[in-house]
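The structure under discussion appears below in the form of structure tokens.
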Amino acid sequence: MQCSWKVVLLLVLASLAIQYTAIRTLSSKPATMCRVAKHTGCAPTVAASCQPSSHILILATTRSGSSFIGQLLNQHPDIFYLFEPLYHVQTTLINSSLRSRPPSAPSSPAARRLLLGAYRDLLRSLFHCHLSELETFIKPTPQQHRTQRLFRRGASKALCSPPVCPPLPPGVGGIAGGTTGGEWCVRRCGALNLTLASRVCSRRLHIAIKTVRIPELADLRPLLEDPRLNLKVVQLVRDPRGILSSRMDTFPDSFRSWNMWRNSGRRPRNLDPSHLTATCQDFLNSVSTGLARPSWLKGRYMLLRYEDLAREPEHKAREMYRFLGLDMDPSVLRWILNNTRSSGTSAKHKFGTVRDSAATAQSWRLKLSFHMVQLVQNLCNITLSQLGYRMVNSPQELTNLSLNLAQHTNLLPFL
Ligand SMILES: *[C@@H]1O[C@H](CO)[C@@H](O)[C@H](O)[C@H]1NC(C)=O
Ligand SMILES: *[C@@H]1O[C@H](CO)[C@@H](O)[C@H](O)[C@H]1NC(C)=O
Ligand SMILES: *[C@@H]1O[C@H](CO)[C@@H](O)[C@H](O)[C@H]1NC(C)=O
Ligand SMILES: *[C@@H]1O[C@H](CO)[C@@H](O)[C@H](O)[C@H]1NC(C)=O
Ligand SMILES: *[C@@H]1O[C@H](CO)[C@@H](O)[C@H](O)[C@H]1NC(C)=O
């Protein structure tokens, strides 16, 4: 009897030792497996062991200009870019019958944790180019690893150009990866072969994913500490007053009472500001985490304000690329020049054009009433001051566009 007890203990200890060694070997494996020349990616023969050597996450919130910053990465030929893949997880795991609403976190803490866990698992797989992990979440379920339904596929240049998509016939123009639309990509390229897309992903040097579904920076800690990832996070924040105005325009059904307030001047009773307080709280939590400079963030976190990006797109893009340790490709510069320069000096058209990014970032000042702005300033006062956004004290200050509300800040990348 005594003897078998000892044998069992010995076996347990031995298996623990084996597991420990296995985990050590796994985690000490370098993240960089393929180091090859720019643009060429990995040679086809070693493709099986290839992976992007750096992983980039754009942490943003709905209507904060995240499509814009995503495009700055999407245009780079060494980067494989995915736009909001977590959409599929959310629609599968929580019943979101209201598609037009901005994504909201589930109310119970347990559900929130489960969802976050699922988000992180998927991100981890995608950073390793295992795009097939998406299949359990896509409806209808992909057949033979092919799907017509990848959310906003058209926003990803790699998924709309050869070899994932057949080449354009000679003489036909067209450029992949605009900030809008994307239907054309599915129409022209047909079903997406996820096996092929994964292979293309593995041969790129970097992978970038944009999401608005992770609430705050600390939620990413397990990924930032994962030794098999080399993750850098660029967090994009925006003035909550601008976020409100943009959400009202983009989701008119969910923001009906806000729009009624704007149009009638009378504040409705059933106004629900919880989406704003949640966004401001999330910003504040992230900034506090960043400012505390924990070791797991060292060299891995950059905070960017949409207003700065809109005012000086080229300068900020260069800053971001420097933080990421990548060269800025000429194609990125071309895209910036083509999409941000004011297309005319006529004041009449100034706010109608999407190309004038600086004016777009300020347009909320002519759309929201002073009372609405006051409400946001009361709800988000600490967040506004932390992020360097100046409050306005009168309707005159609100609409005087020579008054700069995004003041200079010393929010710098944490190196
Ligand atoms: C989702 O919610 C809608 C409306 O609340 C309900 O009709 C539908 O049955 C729900 N679906 C699932 C899968 O729970
Ligand atoms: C998808 O792409 C892979 C890799 O190129 C290929 O082997 C497979 O046959 C393709 N699947 C379909 C259904 O075309
Ligand atoms: C610049 O924008 C125009 C109009 O949107 C587009 O037709 C053209 O292809 C773009 N060029 C580049 C280099 O992005
Ligand atoms: C924010 O508002 C609260 C309550 O109205 C006030 O106590 C606090 O001083 C304000 N903070 C800032 C930074 O303005
Ligand atoms: C607008 O703000 C600028 C800068 O503070 C100021 O010089 C100017 O007098 C203001 N204009 C009006 C009409 O209030």
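Treat the numbers as computed from the prediction; the structure is a model and nothing was measured. Order of listing sets the numbers, starting from 1, for every ligand and every atom in it. Keep in mind that the numbers below use all heavy atoms, side chains included, and drop hydrogens, waters and symmetry copies.
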For [atom], what is the nearest protein heavy atom, given as residue, atom name and distance?
atom: atom 11 (N) of ligand 4; value: Asn381 ND2, 2.9 Å
atom: atom 10 (C) of ligand 2; value: Asn193 ND2, 2.5 Å
atom: atom 13 (C) of ligand 2; value: Arg146 CD, 3.0 Å
atom: atom 5 (O) of ligand 5; value: Leu403 CD1, 3.2 Å

Need the ligand 5 atom indices (1-based, order shown) with element for anything under 4.0 Å from a heavy-atom of Asn400.
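So the answer, numbered in order with elements, is 1 (C), 2 (O), 3 (C), 8 (C), 10 (C), 11 (N), 12 (C), 14 (O).
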
Heavy-atom closest pair, residues [X] and [Y]:
X: Asp308; Y: Lys316; result: O-CG, 3.6 Å
X: Thr62; Y: Ile243; result: O-CG2, 3.8 Å
X: Cys201; Y: Ile207; result: SG-CD1, 3.8 Å

Quiz item: Under 4.0 Å from atom 2 (O) of ligand 2, do we find at least one protein heavy atom?
Solution: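 Within 4.0 Å: yes, protein heavy atom nearby.
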
Q) Does the Cys165 SG fall under 2.5 Å from that of Cys160? A)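 Taking the criterion (SG atoms under 2.5 Å apart), Cys165 and Cys160 fail it, so no.
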
- Message: Counting only heavy atoms closer than 4.0 Å, does ligand 2 sit against the backbone of His145, its side chain, both, or neither?
- Response: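 None of His145 does.
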
So, is the end of the Arg152 side chain (NZ or CZ) under 6.0 Å from the ring centre of Phe83 and within 45° of the ring's axis?
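Judged by the rule, Arg152 and Phe83 form a cation-pi pair.
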
Cation over ring, Arg305 on Tyr389, under 6.0 Å and within 45°?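 Cation-pi check for Arg305 and Tyr389: passes.
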
